[in-house]
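Input: one structure, supplied below.
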Amino acid sequence: MGSRGVANMVLSRASRMRAKLQSALEASVLEIEDVSHQHAGHAAVREGGGAGETHFNLKIVSPKFDGQSLVKRHRMVYDALADELQSGLHALSIVAKTPTEAEAAAGARK
């Protein structure tokens, strides 16, 4: 096994996701929440041996989302996480905003 395979075994899925998303999308905000424990009885979790790290909530703000539809933004996230989706990542809830959208939302909450 190459060094990359060893590194993937040591790092948590959330850490790998963070690195991949930061590299691909240059996120200014990147929040990853593992909610796998809420899905412990689901088939995907049971089939994976119950090891967890199958379900995540993701909030990402990236300038690369400028001019992109919501569907395109989600595709960009899925493309960056293709390896994780092939190796046990089962569900991903995504909030993907541009910096301008994130600033407007923050201003509206004040």
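The first residue of the sequence shown is numbered 1, and numbering continues consecutively from there.
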Looking only at non-hydrogen atoms, find the nearest pair between Ala24 and Ala80 and report the distance.
CB-CB, 3.9 Å

Taking a hydrophobic cluster as the set of Ile, Leu, Val, Met, Phe, Trp and Tyr residues connected by side-chain heavy atoms closer than 4.5 Å, whether directly or through intermediates, do Val77 and Leu85 fall within one such cluster?
yes

Joint cluster assignment, Val95 & Leu25, ILVMFWY side-chain distance < 4.5 Å:
no

Do the side chains of Tyr78 and Phe56 join up, straight or via other hydrophobic residues, at under 4.5 Å, putting them in one cluster?
yes

Does the side chain of Leu92 reach to within under 4.5 Å of the side chain of Met17, using non-hydrogen atoms?
yes

Over all heavy atoms of both residues, which pair between Asn57 and Ser93 is shortest? Give the atoms and the distance, please.
OD1-CB, 3.3 Å

With Ser15, which residues qualify under side chain to side chain donor-acceptor pair (under 3.5 Å), at least two apart?
Ser12

With side chains defined as the heavy atoms from C-beta onward, is the minimum distance between Asp83 and Arg16 less than 4.5 Å?
no

So which heavy atom on Ile60 is nearest to which on Ala27, and how close?
CG1-CB, 3.8 Å

So, taking the atom named CZ in Arg18 and the one named CG in Leu11, what distance separates them when rounded to the nearest 0.5 Å?
12.0 Å

Thr98 side-chain N/O to Phe65 backbone N/O, donor-acceptor pair under 3.5 Å
no

Does His55 offer a backbone N or O that forms a donor-acceptor pair with the side chain of Ser36 under 3.5 Å?
yes

Residues pairing under side chain to side chain donor-acceptor pair (under 3.5 Å) where one sits in residues 59-75, two or more places apart or in two chains, turn out to be Arg73-Glu101

Ser87 and Arg13: CA distance, side-chain angles, deciding distance, side-chain contact (heavy atoms from CB on, under 4.5 Å) verdict
CA-CA 10 Å; Ser87 66; Arg13 184 179 306 276; 3.4 Å; yes

Are Met76 and Val61 connected in the hydrophobic side-chain network, where two residues link if heavy atoms are under 4.5 Å apart?
no

Examine Ile94 and Val35 and state if one hydrophobic cluster contains both, with Ile, Leu, Val, Met, Phe, Trp and Tyr joined whenever side-chain heavy atoms are less than 4.5 Å apart.
no

Can you confirm whether Leu30 sits close enough to Leu58 that some side-chain heavy atom of one is under 4.5 Å from a side-chain heavy atom of the other?
yes

